[in-house]
Every structure is written in C-alpha cells, then in structure tokens.
Amino acid sequence: MTTVPLARTGQRRSEVGPVELFFDLVYVFAIIQLSHLLIEHLSWEGAAQTIVVFAAVWWGWNYTAWAMNWLDPSRTPVQLLSGVLMLAALGMSIAIPSAFGDGAWLFVGCYLFMGILRPVFMMIAYRGHQLAANYRMLLLWTLLAGMFWVLGAALPLEWRLGLWLIAVLIDYAAPLAHYRIPGIGAAPMHQWDTDAEHLAERNRLVFIIALGESILLMGGSIVSHGQLTPGLALSLIVGFASLFVLWWNYFALAGPDTHGGDSSTGALRSAYAYAHAFMVLGAILVAVSIELRLSHDHLTPAIVVVTAAGPLVYLAGNLLFLRSRFGRLARSRFIAAAVLVGIMIAAMLLIDHLPVIALSVAVLSVTAILAAHTAYTTSKQSALDNRR
C-alpha cells in the first residue's frame, strides 16, 4: 500500500491547524445570518426554513471538519482546498437571508460545490486506499440529495421547503445507512479511521463560535438602544450569565479534560455530526432569545417559545452526546428539560402579566443549576478515575 502525501502523520496528528481556524471564521458570519433569518421570520414557517438552512450550513462545516481529520493542514494543496471551500461557505452565508427567495441558486450552488469538491479531492488524495472508496460512496449520496436541492431551487417557491427537507434528510441519513447503494457498494463506519481528539477539538471550537455570535448580537442590541438604562443593564447581565452557564455546562460535559468513552467511528459520528448539531443550534436559539428579550418590553408567545427552545434543543444534544460516547443518559437533563417545559407553559398562561426579566431569570436558574451539577459530577468522576 502506497503512502498518502497529504495525510496527517506524526505526534501532532490531532492538532487543529491554523487553516482550520481560518476556515471557521466564515461560520461566525453564517451563524449571525442564521440568527437574523429567524428573528426576521419569527413564525413556524420561518423556524422550519431556519432549521433547513442551518442543517445545510452545519453539514457543510461538518463534512469539511471530517475531511481535515485525514488531511495535513500544513500542505499547500490542503490549504488551497480550505480556501476554496471557505469562499463557497461565504457564498452560502451571503445567500442565507434570501435562500427562500432570489438567493436560492447561490445557496444551493455553493453548498453542492462544497459537497462535490470535498469527496473528489479526497478520492484523488487517497487513491488506492479505502478512504477513496468511502468518499466515492459519499459523493453518490451527495448527488442524490443534490437532485432535491436543485429541484427546490428550480420549482415554484411553495415546493422549496418540502424538497429541501427531503434533501436534508437524505444528507443526514447517508452516514446512518453506511452510504450503502444497492448494487454499487457501501462505506460502513468501521472503515473510516478517525481521530477522536481532533474531531472533539474542532467541535469545541465551533461551539465557542456559536457563543461568540451571541456576544455580538447582544452587544449590538445594547448599542442600538443608545443609552444603558438600569433595566437594560440588568437584562445584559442576565443574558451574559445565560451564555456563561451554557459554556460552563458544555465544557464540563465535553471539554478537553473529558476522558474515556466510546471512540469508534459510529460513536463519534453520533456525538459530533449529530449531537453537536443540536447543541450548536441550541446556542443559536439562545442568542436569538437574548436579542428578542433585549429588544422587547413585553413577552410574546414567540419570545417564550424561543427562550425555552434554546436550552431544550441544547439538552437534546447533550443526551445524544452522552448516549453516543458513554452509553448513558443523564437524569439531570430530563429533569431540567421538564422544568423548562413547565416554565414555558406557566409563561404562556401569565404572558400578559409576567415581566420579560422574570422569564429570563427563571430559565437562567435552571441552566445555572444544571451547569453547576454537571461540573461537580464531572470533577467527582475525574477524582475517582485518578484514584484507580
């Protein structure tokens, strides 16, 4: 078997290269665009559109992160690939606000360009190796989903959401189906030799990006008011605390000090490709809810739903992550989710009488207690592991 000139090698194989960090910069803009898309279309249809667009944006980032799991980021061809993919991701991000309008072709074109370029590059770089055969099957699934992406852009607008939803389901089902196509072949997960630590670090970094976007939204909202009143200052403190406890909970759960767990490719796929999609989307919804609460004096049903949905979606990601890596489900997450649903129902019943800050503090209390509990149990488990 011949060596692969562009492959990661040596003791620093798991290290995240500068070009990977540079690539992630475009996703700061993408997440901001997604947040504004939901804020400007605050309805069930707008939420569905935002989820479909987010799914495409996330899958573009996810597949790039997985490709870089095998490619040496210090090599010039790999850096050029990253630059081209970054430009395409920028095009996607620019098209996000008008993806369900005149920007559909730009959005779809950039997404499919990324989806085709990555596997073709990997097939050439790893020709004669198992990974090339794997990416051949991945490319076929991408082209299958691509037909629905193109149809959604080409047909009348009322067809777009449904067709793009089918495209998303095909894209996300591909790894679960082991990229199997009858009569052609498959690429089971055990044939993908992955680096768990590299994937973990890449996902930690993109989660921080999602939180950073929240800071930008929050700061912009405060500046737009022109004057920092006591009430606004209190809302700012509560909003920042909400982001801090989300960060605290995440790094207590999936930080660099987290050891052990299942490192098989199937487990990593669930923990990072899927679970982190929920966690990043949850962070985006938290950012949107903070922006809405800073810019509104009174609660609305949409504000209540988004405020509760952010932590709930994030907790769904937590549960999938824990189940995938450690084979367990944390009871604390179910309890927190039940309390959040109770708060949402109570807020709906008292919507004309409940101050915005009261809802903010109630949700913050739940997430703060959960973060403290997670940090405590994690440190306790680490201490027990060190004694063994």
Side-chain angles (χ1 to χ4, degrees), residues 31-54 96-97 100 210-246 249 278-317 336-370:
I31 291 173
I32 289 175
Q33 292 282 75
L34 285 165
S35 299
H36 285 301
L37 177 65
L38 181 57
I39 290 170
E40 293 168 10
H41 301 85
L42 207 57
S43 64
W44 291 113
E45 183 181 10
Q49 292 177 354
T50 302
I51 290 172
V52 167
V53 172
F54 167 79
I96 285 174
F100 284 86
L211 293 181
E213 177 269 343
S214 305
I215 298 291
L216 293 175
L217 269 183
M218 188 168 58
S221 181
I222 294 295
V223 170
S224 67
H225 280 81
Q227 183 179 4
L228 187 62
T229 63
L232 201 58
L234 178 59
S235 296
L236 174 65
I237 293 170
V238 173
F240 179 80
S242 300
L243 297 177
F244 178 81
V245 297
L246 199 62
N249 181 81
F278 283 102
M279 288 193 271
V280 171
L281 179 58
I284 293 173
L285 292 175
V286 168
V288 170
S289 72
I290 292 173
E291 163 70 14
L292 291 172
R293 282 176 279 146
L294 284 171
S295 59
H296 289 76
D297 296 326
H298 303 285
L299 289 176
T300 66
I303 293 176
V304 173
V305 170
V306 175
T307 299
L312 285 171
V313 172
Y314 171 79
L315 289 176
V339 175
L340 286 168
V341 170
I343 290 173
M344 180 177 66
I345 293 172
M348 286 291 195
L349 295 174
L350 302 171
I351 198 164
D352 294 327
H353 309 286
L354 189 69
V356 175
I357 191 65
L359 175 63
S360 302
V361 170
V363 172
L364 172 60
S365 299
V366 176
T367 54
I369 292 171
L370 179 64

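If you read the sequence from its start, that first residue is 1, and numbering goes on from there.
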query = In this structure, which one of Leu340, Val286, Leu359 forms a side-chain contact (heavy atoms from CB on, under 4.5 Å) with Thr307?
reply =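 One option only clears the test, and that one is Leu359.
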Test ring-ring contact (aromatic ring centres under 6.0 Å, His included) applied to Phe278 - qualifying residues, sequence neighbours left out =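 Per chain and number, Phe278 pairs via ring-ring contact (aromatic ring centres under 6.0 Å, His included) with no residue.
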ask   = Looking at residues at least two apart in the chain, or sitting in another chain, which of them share a ring-ring contact (aromatic ring centres under 6.0 Å, His included) with Phe244?
value =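 Here the qualifying residues are Trp247.
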ask   = With a 4.5 Å heavy-atom cut-off, do Leu370 and Leu315 have their side chains touching?
value =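 Sidechains of Leu315 and Leu370: in contact.
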query = Could you go step by step and tell me if Leu34 and Leu281 meet the side chain to side chain contact (heavy atoms under 4.5 Å, CB included) rule?
reply = CA-CA 10 Å; Leu34 285 165; Leu281 179 58; over 6 Å; no
inquiry  = Using the side-chain contact (heavy atoms from CB on, under 4.5 Å) criterion, which residues pair with Ala283? Sequence neighbours excluded.
reply    =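 Ala283 satisfies side-chain contact (heavy atoms from CB on, under 4.5 Å) with Phe207, Ala210, Leu211, Leu246 only.
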inquiry  = Please enumerate all residues that pass side-chain contact (heavy atoms from CB on, under 4.5 Å) together with Ser365, with sequence neighbours excluded.
reply    =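 Partners of Ser365 by the side-chain contact (heavy atoms from CB on, under 4.5 Å) criterion, ordered by chain and then number, come out as Val361.
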query = Can any side-chain N or O of Ser221 pair as donor or acceptor with the backbone N or O of Leu217 at less than 3.5 Å?
reply =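 Pair absent, no side-chain N/O of Ser221 close to backbone of Leu217.
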query = Between Ser35 and Glu213, do the side chains contain an N or O donor and an N or O acceptor separated by less than 3.5 Å?
reply =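 Result is yes, a qualifying pair exists.
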ask   = Does any pair with a residue in residues 278-290 pass side chain to side chain donor-acceptor pair (under 3.5 Å), and if so which ones, sequence neighbours excluded?
value =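 Of all non-adjacent pairs touching residues 278-290, those that pass side chain to side chain donor-acceptor pair (under 3.5 Å) are Ser289-Arg293.
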query = Just how far is it from atom OG1 of Thr229 to atom CD1 of Ile222, taken to the nearest 0.5 Å?
reply =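 Rounded to the nearest 0.5 Å, the OG1-CD1 separation comes out at 8.0 Å.
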task = Any chance you could measure Ile343, atom CD1, to Met348, atom CE, to the nearest 0.5 Å?
result =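 Between atom CD1 of Ile343 and atom CE of Met348 there are 13.5 Å.
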Residues 349-358 side chain polar contacts: donor-acceptor under 3.5 Å, at least two apart:
none

